[in-house]
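Order of appearance sets the numbers: ligands from 1, and atoms from 1 within every ligand.
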Amino acid sequence: MKALEERIRRDGIVREGNVLKVDSFINHQMDIGLFEEMAKEWKRLFAGKPINKILTIEASGIGIAAVVAREFGVPVVFAKKSKSINLDNDNYCTKIQSYTHGRIYDVIVSKKFLTKEDHVLIIDDFLANGCALMGLLDLVESAGATVEGIGIAIEKGFQRGGDLIRQKGIQLESLAIVESMSEDGEIVFREQ
Ligand code: 5GP
């Protein structure tokens, strides 16, 4: 999506460790107008799919996913990071390694809000090595729900997550795919 690529070029900052900071429009301050354009693009790309729920993970996926849920007219559920896992019967649980912080989180979603009747569109801000998405897919599978697709704002195409997901045969729509980036500010996008 051209508008997103242009915004990343203008306002994105490349940090060491292959981290792209987009704090001024996605991860801290949020540009809701841009989120609305992204949501419309996913609506077009996933047209005809029987999506009845949006799933994301806290914290940075929530803003985008909320706007997407509005566009699709369905509820949004976010998987919660919990410090201590309570192995109870009310939640599905999985473990996710955080790309930016390195640590492993237990992540839960209530059985009330994800069921085998659900047809889920997963939304997140970034795709790097795919740990967050693998965890979300695990939760969906535990619930017996169906994944209709995955929408990612920014995929870092030089990391392995995108290939892992596409190999599973899941429709993955990343609105901007970064092929390479360097700390002097040069960012190259994949032609889509
Ligand atoms: P993965 O689990 O695919 O390795 O990483 C995805 C998660 O890590 C995303 O939910 C996002 O929050 C965070 N992340 C990964 N790479 C970046 C990055 O370059 N910039 C920012 N801001 N977050 C990232």
Side-chain angles (χ1 to χ4, degrees), residues 1 4-32 34-35 38-39 42 54-69 76-83 93-109 120-141 147 149-168 170-190:
M1 193 181 122
L4 180 60
E5 290 181 4
E6 277 163 21
R7 192 62 180 274
I8 295 167
R9 265 217 183 85
R10 200 182 80 193
D11 294 334
I13 298 167
V14 180
R15 288 277 157 84
E16 62 178 328
N18 280 328
V19 171
L20 177 61
K21 284 201 76 127
V22 288
D23 281 28
S24 63
F25 58 105
I26 291 182
N27 286 146
H28 193 28
Q29 178 167 259
M30 296 187 286
D31 182 337
I32 302 302
L34 179 65
F35 289 6
M38 290 159 56
W42 280 315
I54 307 296
L55 177 68
T56 189
I57 180 166
E58 72 175 348
S60 51
I62 296 176
I64 300 172
V67 176
V68 173
V76 53
V77 177
F78 62 93
K80 291 188 171 200
K81 291 175 182 162
S82 92
K83 282 215 185 75
C93 305
T94 193
K95 288 186 186 299
I96 293 180
Q97 175 154 26
S98 156
Y99 181 85
T100 36
H101 302 110
R103 47 179 288 207
I104 293 175
Y105 291 92
D106 292 311
V107 176
I108 60 163
V109 68
V120 177
L121 174 61
I122 296 175
I123 293 288
D124 205 1
D125 58 344
F126 272 92
L127 171 56
N129 291 319
C131 300
L133 285 184
M134 290 302 173
L136 290 175
L137 288 172
D138 188 37
L139 291 172
V140 173
E141 194 181 328
V147 178
I150 298 177
I152 294 290
I154 306 171
E155 176 180 337
K156 291 186 289 180
F158 52 89
Q159 293 177 308
R160 65 195 172 101
D163 287 344
L164 288 177
I165 297 296
R166 291 187 180 91
Q167 275 161 19
K168 286 177 168 289
I170 298 171
Q171 184 181 354
L172 168 63
E173 301 291 354
S174 302
L175 300 184
I177 303 182
V178 176
E179 274 305 359
S180 65
M181 59 189 202
S182 62
E183 280 169 57
D184 61 17
E186 201 199 336
I187 301 176
V188 178
F189 294 98
R190 187 179 299 173

Engineer: Taking side-chain contact (heavy atoms from CB on, under 4.5 Å) as the definition, give me every residue that meets it alongside I13, ordered by chain and number, with sequence neighbours left out.
Structural biologist: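 Only R15, K21 meet the side-chain contact (heavy atoms from CB on, under 4.5 Å) criterion with I13.
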
Engineer: Is there a side-chain contact between I26 and F126 (heavy atoms, below 4.5 Å)?
Structural biologist: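 Result no, sub-4.5 Å side-chain heavy-atom pair not found.
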
Engineer: Regarding S60 and D125, do their side chains bring together a donor and an acceptor under 3.5 Å, going by distance alone?
Structural biologist: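 There is such a pair between these side chains.
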
Engineer: If I compare all heavy atoms of T56 with all of I123, which pair ends up nearest, and what's the gap?
Structural biologist: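 Closest pair (atom of T56, atom of I123, distance): OG1-O, 2.7 Å.
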
Engineer: Holding to salt bridge (Lys or Arg N to Asp or Glu O under 4.0 Å), I want the full list of residues that pass it with R9, two or more places apart in sequence or in another chain.
Structural biologist: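 For R9 there are no salt bridge (Lys or Arg N to Asp or Glu O under 4.0 Å) partners, ignoring immediate neighbours.
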
Engineer: Can you sort out the partners of E6 under salt bridge (Lys or Arg N to Asp or Glu O under 4.0 Å), two or more places apart, ordered by chain and number?
Structural biologist: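 Once residues adjacent in sequence are excluded, E6 has no partner under the salt bridge (Lys or Arg N to Asp or Glu O under 4.0 Å) criterion.
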
Engineer: At a 4.0 angstrom heavy-atom cut-off, what protein residues surround ligand 1?
Structural biologist: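 Near ligand 1, by chain and number: N18, V19, L20, N27, S60, Y99, T100, D124, D125, F126, L127, A128, N129, G130, C131, A132, K156.
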
